[in-house]
Amino acid sequence: MKNFWKKFSTVSTLSTMMLLTAVPSLTNAASPQKVIVQQGVTPQVLQNASVFGDLPGNTPVTIDIVMKMNDKNKLAKYINETTTPGNKNFRHYLSVEQFSKSYGADPQSIKFATTYLAFFGIKSKVYPNNLIITATGTADQFNKAFSIKLKQEKYNGKTFHGTKDNPKVPANFGGDILCILGLSNYSNYTSHAVKQPVPLTENGSTPVGPLNLMPQDLIKQYNVQPLYDKGATGAGKTIGIVSLADFNIDDAYGFWQEAGINGKKNRITKTNVDGGSGWDGYDETTLDVEQSGALAPQANIKVYVGPNTDTGFTDAFAQAINENIAQQISVSWGESEPGIQYLVQQQVETPQYAEVFNQLYMQAASQGISMFASAGDEGAYDAAREFGLNSGVANAASLSVDNPADSPYITAAGGTTLPFHFHSNNYNLDVNNDQERAWGWDYLFNYFDARGLNTPDGWSSRYLAGGGGGFSQLFDTPDYQLGVPGVNKYTGVLQWNPNANQSTLTRTGESLVTGTGKGRNMPDISMNADPYTGYQVWFSDPGAPGSHYGSATYGGTSFVSPQLCGLSALINSADHTQVGFWNTQIYRYAQQKDSPLHPLNKTGDTNDNGFYTGTPGTVYNQATGLGTPDITALAKKFAK
């Protein structure tokens, strides 16, 4: 994890893909009856935030009115049919227009909403899916339209705007609204790119193993080469990257040249959504493009860069999915479920926040788009680094998972550590990883202890790192996971005890525990993500292509998501197909005798993500999901 979102209000750049609404007459603008759109579950604004006045009335504000999907159960059934061989709808995907007509909101409700907004001088655009209305206006205009009062607030070093008031809108469209995003612009989304927190090279001691990896190392580790031998290159396919930071396009071309990859020329297109973003986190966007494009060298790459806001993140996905050009889309930004729940409790975030993205991912699945998201880099304690262990916030140290990877309609990418060995001359310690294992840094605890790093201040950043995994508290266990051996059951390595409200942890001795869980199990599939067996990233200074151009070694599940996205493009080109939503298919394959997935089932602290570990005889665990892929074997399964 790295930089928190710096959220701010901005006037959106209005997309040419949206439909301009006409300015209505005054008589059609108002409705005599209004309904409340709930924004939170408690009466206070963010706890400990200081309110220092009204938001100036002329401040530009951008919001998203997110409409409820129509007939969600029917859509879920259709998505399953598109991934079921022999079904009449197998790989028969919807167009955006077909999705909108069958599952988007009632066009009349959309018209009522845009007419009402226009009465107050608020401009609105409607995405083709008839689910999202992006509206731009001033604070004063939204105050009047929604009967609220936007305030200026400060918390945790951030300045943002928000309101404790629940917005009121006319009943003729209010009942069809899922939520409104953007009335508060506080958020905790972070990149899942991770550097090594401390170097292992000291006094001449150097680790031995697969360090500073390049794409060719992944190709060998996960058996990708036979697809290239077959002639697959990703040609004719498009990779989509959703990110929240700008990047230098030339850095990716330079990386591919350094790696000896003969990539297609001029294949990167950057789309700034709602005005785009700054450079905070540009290394994330850079590695996403470099890694995905390296594995599918002839594929086109479309990068959707949104601002660090709720509306920016939502609109970046909405634009990518509604353009319907990319057959696979990756995202490597996330926020813990406890973080979302805390903001909801403080009435800073809408309770329906996670469902906003879930609706979009369902749309993507129905259109045959394969979606991938990083599962997180805090192991089983996804909120620990986000809040720290001294915040006093309840559940900050709970077992938890990451959003948006928690959606049942996105493939959650987990992390492993590759084999390597290290001897420390200074401390006369040996570190030995003899086989690929779940990424968790307990294998380095003795070394960290010897270096004097065993203090509570360092626990969240060093001792609790690992591949994200566990049980979602926001989404139920999806049908495709039910009955899979290992799902909703776990074996854990207990090394940390939480206090009464789970706001902090105390380190304990190790013991094995077993139990049951519920909710969406994460992750789905894993590959190498440990920064100590990490990958090279090449980049130059922000906004200055070629300046101080060079490499650094990173890790994190940030790599796995775009790598899977690139591999998806490669598989699609190899089989001349579009495989669509992965999850329903890979969970089926994992239970077959010739499974293309290798579960990491060893039990104990040599194979855990900080808590969850393997259970012999199962095909799933919450540390690595279904395990690691044999990409060539997986492609053969998808081809059937």
Side-chain angles (χ1 to χ4, degrees), residues 2-18 55 59-66 122-127 129 131-137 139 142 150 158-162 178-192 240-247 270-282 284-285 288 302-323 329-335 339-340 343 348-350 352-361 364 371 373-374 403-404 407 542:
K2 49 182 296 182
N3 308 313
F4 283 146
W5 276 16
K6 294 181 178 177
K7 303 195 69 180
F8 52 88
S9 301
T10 183
V11 177
S12 293
T13 298
L14 302 178
S15 169
T16 56
M17 65 173 284
M18 302 178 188
L55 188 65
T59 303
V61 174
T62 297
I63 69 153
D64 278 341
I65 298 177
V66 182
I122 298 170
K123 296 180 180 180
S124 59
K125 299 289 182 176
V126 182
Y127 277 92
N129 60 3
L131 288 180
I132 296 174
I133 303 169
T134 298
T136 58
F142 283 111
L150 290 169
K158 302 178 185 180
T159 299
F160 61 101
H161 67 248
L178 177 70
C179 66
I180 298 175
L181 299 177
L183 294 180
S184 171
N185 63 345
Y186 184 91
S187 179
N188 281 340
Y189 268 86
T190 63
S191 155
H192 287 309
I241 301 293
V242 170
S243 193
L244 301 171
D246 209 340
F247 74 112
K270 181 177 70 173
T271 299
N272 286 326
V273 179
D274 294 353
S277 187
W279 294 91
D280 192 3
Y282 84 108
E284 174 62 70
T285 313
D288 287 353
K302 293 213 64 175
V303 187
Y304 301 86
V305 179
N308 296 336
T309 62
D310 282 356
T311 53
F313 203 34
T314 302
D315 292 349
F317 276 114
Q319 183 144 343
I321 293 167
N322 281 284
E323 279 189 357
I329 297 173
S330 171
V331 61
S332 294
W333 297 75
E335 180 177 12
I340 294 172
L343 295 177
V348 175
E349 191 58 86
T350 171
Q352 290 78 28
Y353 181 73
E355 183 59 25
V356 172
F357 298 100
N358 190 56
Q359 286 193 161
L360 287 169
Y361 302 158
M371 301 290 297
S374 301
N403 171 273
S407 166

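In this chain, residues are counted from 1 in sequence order. Everything quoted here is computed from the prediction, not taken from an experiment.
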**Study point:** Donor-acceptor contact below 3.5 Å, side chain Thr314 vs main chain Asp310
**Key:** yes
Practice item. Return the minimal non-hydrogen interatomic distance between Gly312 and Asp274, and the atom names on each side. Key: CA-OD2, 3.9 Å
Check your understanding: Excluding sequence neighbours, so at least two apart, what forms side-chain hydrogen bond (donor to acceptor under 3.5 Å, both in side chains) with Ser243?
Key -> Thr285, Trp333
Check your understanding: Heavy atoms, side chains only, cut-off 4.5 Å: are Ile340 and Leu343 in contact?
Key -> no
Exercise for review: Test Val305 against every option in Val242, Thr271, Asn272, Val273 by the side-chain contact (heavy atoms from CB on, under 4.5 Å) rule and name the one that passes.
Suggested key: Asn272
Check your understanding: CD of Gln352 to CD of Gln359: how many Å apart, nearest 0.5 Å?
Key -> 10.0 Å
Exercise for review: Find out whether Lys302 and Lys270 are in side-chain contact, i.e. whether some heavy atom of one side chain is under 4.5 Å from a heavy atom of the other.
Suggested key: no
Check your understanding: Which value, rounded to the nearest 0.5 Å, describes the distance between Asn322 atom CG and Ile132 atom CD1?
Key -> 7.5 Å
Review point. So how far is it from Thr309 OG1 to Asp315 CG, rounded to the nearest 0.5 Å?
Key: 7.5 Å
Review point. Is it true that Tyr361 and Phe317 have ring centroids separated by less than 6.0 Å?
Key: yes
Exercise for review: Would you please say whether a donor-acceptor pair under 3.5 Å links the side chains of Thr134 and Asp64?
Suggested key: yes
Study note, to complete from the structure: Output for pair (Asp280 CG, Leu244 CG), nearest 0.5 Å, gives 10.5 Å
Point to revise | Side chain to side chain, Thr350 and Ile180, heavy atoms closer than 4.5 Å | key: no
Revision key, fill the gap. Here the pair of heavy atoms bringing Ser124 nearest to Ile133 is CB-CG2, 3.8 Å
Revision key, fill the gap. Closest non-hydrogen contact found for Phe142 with Val61 is CE1-O, 3.4 Å
Check your understanding: Is a side-chain N or O of His161 found less than 3.5 angstrom from the main chain of Gly182, in a donor-acceptor match?
Key -> yes
Review point. Can you tell me how far OH of Tyr304 sits from CD1 of Ile241, rounded to the nearest 0.5 angstrom?
Key: 10.5 Å
Point to revise | Over all atoms of both residues, closest heavy-atom pair of Ser374 and Ser332 | key: OG-OG, 3.2 Å
**Study point:** Parallel, tilted or perpendicular: rings of Phe357 and Tyr353 (30°, 60°)
**Key:** perpendicular
Check your understanding: Are Ser277 and Asp246 linked by a side-chain donor-acceptor pair shorter than 3.5 Å?
Key -> no
Check your understanding: Would you call Ile329 and Ile321 a side-chain contact if the rule is heavy atoms closer than 4.5 Å?
Key -> yes
Review point. Would a 4.5 Å heavy-atom cut-off, applied to side chains only, mark Phe247 and Glu284 as touching?
Key: no
Check your understanding: Is a side-chain donor or acceptor of Asn358 paired with a backbone partner of Ala354 at a separation under 3.5 angstrom?
Key -> no
Check your understanding: Does Asn129 use its side chain to pair, donor to acceptor, with the backbone of Leu131 at less than 3.5 Å?
Key -> yes
**Study point:** CD-OG distance between Glu355 and Ser407, expressed to the nearest 0.5 angstrom
**Key:** 8.0 Å
